[in-house]
A.B. asks: 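What follows is a single structure, and I will ask about it in a moment.
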Protein chains: 2
Amino acid sequence: MRKILTNTKTKNQFKDFLLTQGLKSTRQREIILDEFLRAGSHLSTEDLYLRLRKGNPHIGYATVHRTLKLFAECGIAEQRHFGDGQARYEASDCDEHHDHLICVVCGKIVEFEDPRIEELQLEVAGAHGFTIERHRLELYGCCLECRQV
Amino acid sequence: MRKILTNTKTKNQFKDFLLTQGLKSTRQREIILDEFLRAGSHLSTEDLYLRLRKGNPHIGYATVHRTLKLFAECGIAEQRHFGDGQARYEASDCDEHHDHLICVVCGKIVEFEDPRIEELQLEVAGAHGFTIERHRLELYGCCLECRQV
DNA sequence: CGTCTAATTGAAAATGGATTTCAATTTAAA
DNA sequence: TTTAAATTGAAATCCATTTTCAATTAGACG
């Protein structure tokens, strides 16, 4: 069960982060991390908050917001913006980077990676004297299903 | 004077747009377009509003905002988001697309284009059944000047 | 020219997601 | 335990964006 192993690793990573930063493990943080890992990727704070409310009506929006920021800080999640004005978070799958294809009709988000593009990015940046820390590549278009309707 | 010719063309494009949409040419719209073309690219609404206020204290923020949206609608400007929480607009240079290098230290924005990357994007999208309408590629890093300090 | 209708303007208010405040609560170290 | 510091959550605040609305203006038509 690879998924379960990954989740355990992620949870430990978060615990280590809390320890080394002098922060505390709380029931809320555990619940939020559980739900975050269970839910699909690309959730907004609102999305996660609403999901959590079903089983945990006591958890506040502010706590979800702050906890997601902690996830991003400690590297187990990444914040993304897809132009609809709200931040979305996705679990960082180990060390591999990926970019996104977004269907402008149905909103579907597909992940992809292409080392050749990454290579060219480095080359272009170098030619302008830049070192790259991170990048964002999003392709907006129409998916197969939406073209067939 | 290529720049002046381009500006005339842009202005005509805007006038045509207003005509065909049943909208009106106003003094404010002319002034805002002039200042937009005169100012460098990547201005936020606030930036442009402040610049305008110097010579035209009567022009309101809402008007600048609405006019920039008109520019984007008619294709003479494009809206961008670079993650600092505010929209920026840049003049559309004819039909050529370009991407951005952003220095995370000093905020400098450099434009570039690379047909090889564009080509690979098409290929990747096709492999996932997507057609591409537009894309966004931003490389965040550190520029030469900031590394030397 | 005037007249008239619809578009425009700009100050102010509303919106909406993100963030902060603060008193009460909880964690975990001593 | 006791205690100091971190956390929580409801509410308040922030801040860019967007909308409202009464007054103004553009420009079509007679």
Side-chain angles (χ1 to χ4, degrees), chain A residues 14-36 42-74 77-89, chain B residues 11 14-36 42-74 77-89 107:
Chain A
F14 187 50
K15 273 194 179 139
D16 287 348
F17 172 78
L18 292 178
L19 267 178
T20 61
Q21 300 292 310
L23 306 178
K24 291 172 179 173
S25 268
T26 66
R27 202 160 56 83
Q28 285 90 333
R29 285 176 177 167
E30 276 182 41
I31 293 173
I32 293 172
L33 179 51
D34 269 343
E35 188 61 33
F36 175 67
H42 311 118
L43 292 108
S44 65
T45 306
E46 175 95 19
D47 290 339
L48 189 53
Y49 169 66
L50 291 178
R51 285 183 66 116
L52 281 162
R53 253 216 325 213
K54 291 176 191 164
N56 306 275
H58 54 93
I59 295 185
Y61 184 93
T63 302
V64 177
H65 169 261
R66 285 183 287 226
T67 305
L68 280 171
K69 278 182 57 170
L70 281 183
F71 292 171
E73 244 180 276
C74 99
E78 280 171 57
Q79 198 190 52
R80 307 250 176 215
H81 291 267
F82 294 117
D84 64 346
Q86 59 182 16
R88 294 175 181 280
Y89 291 84
Chain B
K11 289 181 188 178
F14 186 51
K15 274 198 179 135
D16 285 348
F17 172 78
L18 293 178
L19 266 180
T20 60
Q21 301 291 310
L23 304 178
K24 290 171 178 172
S25 268
T26 66
R27 203 160 55 83
Q28 284 91 332
R29 286 177 177 166
E30 276 182 42
I31 293 172
I32 293 170
L33 179 51
D34 269 343
E35 189 61 33
F36 175 69
H42 311 119
L43 293 109
S44 65
T45 306
E46 174 94 21
D47 290 338
L48 189 54
Y49 169 66
L50 290 178
R51 285 182 66 115
L52 282 162
R53 250 211 332 208
K54 290 176 192 165
N56 306 274
H58 55 94
I59 294 185
Y61 185 94
T63 302
V64 177
H65 169 261
R66 285 183 287 228
T67 305
L68 279 171
K69 280 181 54 170
L70 282 183
F71 292 171
E73 244 180 274
C74 99
E78 281 170 57
Q79 199 191 51
R80 307 248 175 218
H81 291 266
F82 294 118
D84 64 346
Q86 57 181 19
R88 293 175 182 281
Y89 291 84

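Order of the sequence lines fixes the chain letters, A, B, ..., with proteins taken first and strands second; residue numbering starts at 1 for each chain. Just so it is clear, the structure is predicted and the values come from calculations on it, not from any experiment. The basis for the numbers below is simple: all heavy atoms, side chains too, and nothing from hydrogens, waters or symmetry mates.
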A.B. asks: Applying side-chain contact (heavy atoms from CB on, under 4.5 Å) to A:D47 and A:R88, what does each step give before you reach the verdict?
C.D. replies: CA-CA 9 Å; A:D47 290 339; A:R88 294 175 181 280; 3.4 Å; yes
A.B. asks: For B:Y89 together with B:F36, are the ring centres under 6.0 Å from each other?
C.D. replies: no
A.B. asks: Could you state the CD-P distance from A:E30 to C:dT26, rounded to the nearest angstrom?
C.D. replies: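 Going from A:E30 (CD) to C:dT26 (P), I get 16 Å.
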A.B. asks: Do A:L68 and A:Q79 have side-chain heavy atoms sitting under 4.5 Å apart?
C.D. replies: no
A.B. asks: Which atom names give the shortest non-hydrogen contact between B:L48 and B:E35, and what distance separates them?
C.D. replies: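 Between these two residues, the closest heavy atoms are CD1-CG, 3.8 Å.
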A.B. asks: Are A:L33 and A:T67 side-chain neighbours, meaning at least one heavy-atom pair lies under 4.5 Å?
C.D. replies: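 A side-chain contact is absent here, since even the closest heavy-atom pair is not under 4.5 Å.
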A.B. asks: Could you go through the side-chain contact (heavy atoms from CB on, under 4.5 Å) check for B:R51 and B:L43 one step at a time?
C.D. replies: CA-CA 10 Å; B:R51 285 182 66 115; B:L43 293 109; 3.8 Å; yes
A.B. asks: Looking across every strand, which nucleic acid part, if any, lies under 4.0 Å from A:S44 by heavy atom: base, sugar-phosphate, or nothing?
C.D. replies: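 No contact.
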A.B. asks: Kindly indicate whether the side chain of B:R27, heavy atoms from C-beta on, has any atom under 4.5 Å from the side chain of B:H58.
C.D. replies: yes
A.B. asks: In this structure, how many angstroms lie between the C1' atom of C:dT19 and the CD atom of A:E46, rounded?
C.D. replies: 15 Å
A.B. asks: Starting at CG of A:L50 and ending at C1' of C:dG16, how long is that distance when rounded to a whole Å?
C.D. replies: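 Rounded to the whole Å, the gap is 15 Å.
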A.B. asks: What is the distance, to the nearest angstrom, from the CZ atom on A:F82 to the C1' atom on C:dG17?
C.D. replies: 17 Å
A.B. asks: Where is the tightest heavy-atom contact between A:F14 and A:C74, given as atom of each residue plus distance?
C.D. replies: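 Reported closest heavy-atom pair: CD1-SG, 3.9 Å.
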A.B. asks: What's touching nucleotides 11-13 of chain C from the protein side, N or O pairs under 3.5 Å?
C.D. replies:
none

A.B. asks: At less than 4.0 Å, is any side-chain N or O atom of A:H65 found next to OP1 or OP2 of C:dA18? Yes or no.
C.D. replies: no
A.B. asks: Name the first nucleotide and the last nucleotide along DNA chain D (5' to 3') that come under 4.0 Å of a heavy atom in chain B.
C.D. replies: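 Contact span on the strand: D:dA16 to D:dG27.
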A.B. asks: Start at the 5' end of DNA chain D and walk down; is the nucleotide closest to B:T45 or to B:L23 reached first?
C.D. replies: B:T45
A.B. asks: Do B:R29 and B:L23 make a side-chain contact, defined as non-hydrogen atoms from C-beta onward lying under 4.5 Å apart?
C.D. replies: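 Yes; the side chains approach each other to less than 4.5 Å.
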A.B. asks: How long is the line joining CG of B:L70 and P of C:dA7, in whole Å?
C.D. replies: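 For the pair B:L70 CG and C:dA7 P, the rounded distance is 13 Å.
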A.B. asks: Heavy-atom nearest nucleotide on DNA chain D for B:K69 versus B:K24: which residue maps closer to 5'?
C.D. replies: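 Going by which nucleotide is closer to the 5' end, it is B:K69.
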